[in-house]
Protein chains: 2
Amino acid sequence: MNRRNTVQRQLVAETILNLDHPNAEQVYEEIVKNHPHVSKATVYRNLNLLAEQQEIGKIETSEGAARFDFRTQPHYHLRCRKCGRLFDAEIPVFEHLEENLRNTGGFTVEKHIVEFIGICSDCKNKN
Amino acid sequence: MNRRNTVQRQLVAETILNLDHPNAEQVYEEIVKNHPHVSKATVYRNLNLLAEQQEIGKIETSEGAARFDFRTQPHYHLRCRKCGRLFDAEIPVFEHLEENLRNTGGFTVEKHIVEFIGICSDCKNKN
DNA sequence: TATTAATTGATAATGAATATCAATAAGAGC
DNA sequence: GCTCTTATTGATATTCATTATCAATTAATA
């Protein structure tokens with residue numbers, strides 16, 4: 001029941017700080033550079049555990065693998081539909097948006113996601 | 001290059017009209033009831049083709065399988081995190097939202113998604 | 001009716017993520 | 001420090017949604 005402080009969990013938590021919206025694969029690749037023994041399953045497990053306990057953010061975009069984020073406050077993202085990279089959207093969160101919908105037909109809204117989709121500058125210059 | 005009017009494509013287009021935000025599996029199940037010969041791959045192919053040609057909507061939510069929709073105008077959805085069902089959100093689309101972000105750091109925004117996540121009334125009454 | 005290329009059906013393959021389970025090791029109590 | 005309990009790990013199998021493959025079929029055109 002008690003959470004244990006394992007080397008692997010520590011590594012996942014630290015690695016998130018050094019990567020920009022990585023997916024689980026990218027976190028794994030970064031970790032195995034210096035710690036080849038760590039299993040991919042362990043990376044997935046710890047990413048999810050840390051996200052559940054609100055120590056990191058988990059961003060499930062509308063396409064592709066989930067991304068993780070050292071930012072835990074609500075904010076929105078831009079997603080490049082070519083490379084899949086995420087960028088923080090520099091607009092304020094709609095604090096009152098959900099109020100318009102609370103208990104719509106018995107549906108209880110708990111949170112909302114806003115995702116902007118387009119092309120990042122890198123991909124624009126590549127074609 | 002020319003699009004052909006196959007029985008299978010017709011079936012997919014018609015079936016979408018009778019289902020509420022179905023995923024590909026549900027469209028397939030509905031079709032095979034009366035047409036057991038139709039392949040699941042064909043259903044996937046036609047759903048994607050019709051979506052590309054804007055005849056139906058494709059909704060890639062932040063979790064689980066993609067949903068399809070006979071509505072093609074932009075609108076938002078509520079998603080139940082228990083059963084995964086989608087509901088139309090009865091709020092107007094933010095027409096000018098993307099303007100705040102156009103060319104943010106070279107990123108060109110093409111569209112945006114708003115998704116409300118919560119619990120539907122059916123799932124609320126079940127536990 | 002013959003031609004040709006879009007489409008299909010059946011199935012293999014992919015990618016992301018979770019499940020399984022025996023082996024390991026963190027942390028508590030002694 | 002040593003032992004015990006059980007959270008955690010590593011390795012791998014499995015699941016799920018979807019796409020790829022490819023020979024066979026068939027819609028549409030001439």
Side-chain angles (χ1 to χ4, degrees), chain A residues 1-16 19 21-53 55-68 79 81 83-86, chain B residues 1-15 19 21-53 55-56 58-69 79 81-86:
Chain A
M1 190 59 56
N2 280 327
R3 177 171 149 184
R4 292 181 183 172
N5 193 24
T6 64
V7 176
Q8 292 88 339
R9 184 161 301 151
Q10 201 65 28
L11 280 168
V12 170
E14 284 167 14
T15 303
I16 284 296
L19 296 174
H21 301 102
N23 59 28
E25 183 70 29
Q26 291 166 327
V27 175
Y28 170 72
E29 290 300 340
E30 186 66 23
I31 288 175
V32 289
K33 280 184 192 169
N34 298 314
H35 301 83
H37 61 93
V38 174
S39 163
K40 194 179 286 190
T42 296
V43 172
Y44 270 96
R45 276 187 294 240
N46 281 305
L47 284 169
N48 284 328
L49 183 142
L50 292 171
E52 272 168 32
Q53 308 201 350
E55 289 180 46
I56 65 174
K58 182 176 185 176
I59 311 153
E60 319 222 41
T61 77
S62 59
E63 191 261 322
R67 309 303 172 112
F68 297 88
R79 177 171 60 78
R81 65 170 165 77
C83 67
R85 261 192 302 168
L86 288 191
Chain B
M1 190 59 56
N2 280 327
R3 175 170 152 183
R4 291 181 183 173
N5 194 24
T6 64
V7 177
Q8 293 88 338
R9 184 161 301 152
Q10 201 66 27
L11 281 168
V12 170
E14 284 167 14
T15 303
L19 296 174
H21 300 103
N23 58 29
E25 183 71 29
Q26 291 167 326
V27 175
Y28 170 72
E29 291 300 339
E30 186 66 22
I31 289 175
V32 288
K33 280 184 192 170
N34 298 314
H35 301 82
H37 60 92
V38 174
S39 162
K40 192 179 288 189
T42 296
V43 173
Y44 270 96
R45 275 187 296 238
N46 280 306
L47 284 170
N48 284 329
L49 183 143
L50 292 170
E52 270 167 34
Q53 308 200 350
E55 289 181 44
I56 64 174
K58 181 175 185 177
I59 311 153
E60 318 220 42
T61 76
S62 58
E63 191 260 321
R67 310 303 172 112
F68 297 88
D69 196 342
R79 176 171 62 79
R81 65 171 164 78
K82 286 264 185 189
C83 66
R85 261 193 303 168
L86 287 191

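In what follows, chains carry the letters A, B, and so on, assigned in the order in which the sequence lines appear, proteins first and then strands, with residues in each chain numbered from 1. Computed from a predicted model, the values in this text were never measured in an experiment.
The separation between B/Q8 atom CD and C/dT8 atom P is 5 Å, rounded to whole Å. Taking atom CD of residue A/E63 and atom P of nucleotide D/dT19, one finds them 10 Å apart after rounding to whole Å.
In this structure, the nucleotide among C/dA25, D/dA17, C/dA16 sitting nearest to the side chain of B/Y44 is D/dA17. With C/dG9, D/dT9, C/dG27 as the candidates, the nucleotide lying closest to the side chain of A/R45 is D/dT9. Closest to the side chain of B/T42, from the set D/dT5, D/dA28, C/dG9, is C/dG9.
A donor-acceptor contact under 3.5 Å is not formed by the side chain of B/R3 with the base of C/dA6.
Here B/N23 lies out of heavy-atom contact (under 4.0 Å) with every strand. The residue A/A65 sits close only to the backbone: its heavy atoms come under 4.0 Å of sugar-phosphate atoms, none of a base. Among the atoms of the strands shown, only primed sugar atoms or phosphate atoms (P, OP1, OP2) are found under 4.0 Å from some heavy atom of A/N46. Counting any heavy atom pair closer than 4.0 Å across all strands shown, B/R9 reaches sugar-phosphate atoms only and no base atom.
The pair B/R3-B/E55 meets the salt-bridge criterion, with a side-chain N (NZ, NE, NH1 or NH2) lying under 4.0 Å from an Asp/Glu carboxylate O. No salt bridge links B/K58 with B/E52; every basic N to acidic carboxylate O contact stays at or beyond 4.0 Å.
Of the residues near DNA chain D, B/T6 and B/R67, the one whose nearest nucleotide (by heavy atom distance) lies more toward the 5' end is B/R67.
Neither OP1 nor OP2 of C/dT8 sits under 4.0 Å from any side-chain N or O of B/H37.
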